[in-house]
2 protein chains.
Amino acid sequence: MLNHEPADRVFHALADANRRAIIERLTAGPAAVSELSRLLGVTLAATVQHLRVLEDSELVRSEKAGRVRTCQIDPVGLRRAEHWLHAQRTTWEHRLDRLGDILGEPDPTTFKEPTT
Amino acid sequence: MLNHEPADRVFHALADANRRAIIERLTAGPAAVSELSRLLGVTLAATVQHLRVLEDSELVRSEKAGRVRTCQIDPVGLRRAEHWLHAQRTTWEHRLDRLGDILGEPDPTTFKEPTT
DNA sequence: CAGACACTTAAGTGTCGACTTGACTTTCTG
DNA sequence: CAGAAAGTCAAGTCGACACTTAAGTGTCTG
């Protein structure tokens, strides 16, 4: 089941607490890899691996100047995830609305939810 | 790093394409476990395991009547995930706004981003 | 009531993912 | 220029995870 859909990558990236901590830090402004490494309390190598995941899912961008790589938020991934969730929630809510309309109608012929 | 934060659970649940497919199906209305199983093309047992993850993260609720368990969306998890993403994005956007204000000011004393 | 249905639980398997250590490369700085 | 700083790359370890099969448990239905 090794999918490479964008949604897979984004949600998988967000599933890790350390990666979310990186994102939370970066919303406050850019940071170097070593700073993030200190923040998480893990090795530089581990941090770099997290950043690779975050960049692949377009949640973070980074550029290297001299010997320091500076990371910042990439809004693309964030928006993609937000959009999927919003779509699900609104679809669900609209369905409930329609259901309410039907149940509130003056002539309620016995209504049954189709399951198949 | 086996965290049990709610955000961990929700995003981890959403990271799997089959679980997202279940959610997408349920936004259209309730469904039985065996129907979801058919939809995914995996074993009933596997489907039950996915549902356990989805229920633990409050993305799905289910009730058993007779021998059939009916599943439906639980908005709690969806909202939780959406809220986290929204918070990150807006924090980031507001920071950019403030940055724009500063850079657009009449007396721009040489501005340097604090990194530590 | 017998057999089909709709799950449920347990155990096993192969893969992935988060870390680590250790060996480099590149870029400052005293 | 020597050494420190900041990353980078490559293994290697070990626990999680998505499946499966197999053996149940209740609940209809003819």
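Chain naming here is simple, since letters A, B, ... match the order of the sequence lines and numbering starts at 1 in each.
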Listed pairs under 3.5 Å, donor-acceptor, residues 55-65 of chain A side chains, sequence neighbours left out:
unit_1 : atom_1 : unit_2 : atom_2 : d
A:E55  : OE2    : A:S62  : OG     : 2.7
A:S57  : OG     : A:V53  : O      : 3.0
A:S57  : OG     : A:L54  : O      : 3.1
A:E58  : OE1    : A:R80  : NH2    : 2.3
A:S62  : OG     : A:R69  : NH1    : 2.9

Annotated protein contacts, base or backbone, on nucleotides 3-11 of chain D with a non-hydrogen cut-off under 4.0 Å, one of B, S, - each | -BBSBSB--
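Atom P of nucleotide D:dA18 and atom CG of B:L54 are separated by 10 Å, given to the nearest angstrom. Summarising the geometry, the separation between CG on B:L14 and C1' on D:dC17 is reported as 16 Å, rounded to the nearest angstrom. One atom, CG of B:L36, and another, P of D:dC19, lie 14 Å apart when rounded to the nearest Å. Here the P atom of nucleotide C:dA18 and the CG atom of A:D56 are 12 Å apart, to the nearest Å. As rounded to whole Å, 16 Å separates atom P of C:dG17 from atom CG of B:D8. What separates NE2 of A:H12 from P of D:dC17 is a distance of 10 Å, to the nearest Å. Distance, B:D16 CG to C:dG17 P: 12 Å, rounded to whole Å.
Proximity of A:I23 to A:L14: side-chain heavy atoms (C-beta onward) are separated by under 4.5 Å at one or more points.
Remark: B:W84 engages B:F11 in a ring-ring contact (aromatic ring centres under 6.0 Å, His included) (not counting sequence neighbours). Every residue two or more places apart in sequence or in another chain that forms a salt bridge (charged side-chain N to carboxylate O under 4.0 Å, His left out) with A:E93 is listed here: A:R89, B:R79. For B:H83, there are no side-chain contact (heavy atoms from CB on, under 4.5 Å) partners two or more places apart in sequence or in a different chain. Partners of B:T91 according to the side-chain contact (heavy atoms from CB on, under 4.5 Å) rule, which considers only residues two or more places apart in sequence or in another chain, are A:T27.
When heavy atoms are screened at a 4.0 angstrom cut-off, A:R52 is found touching no nucleic acid atom at all.
Ranked by how close their nearest DNA chain C nucleotide is to the 5' end, A:T47 and A:G66 are led by A:T47.
At the phosphate of C:dC19, neither OP1 nor OP2 sits under 4.0 Å from any side-chain N or O atom of A:T43.
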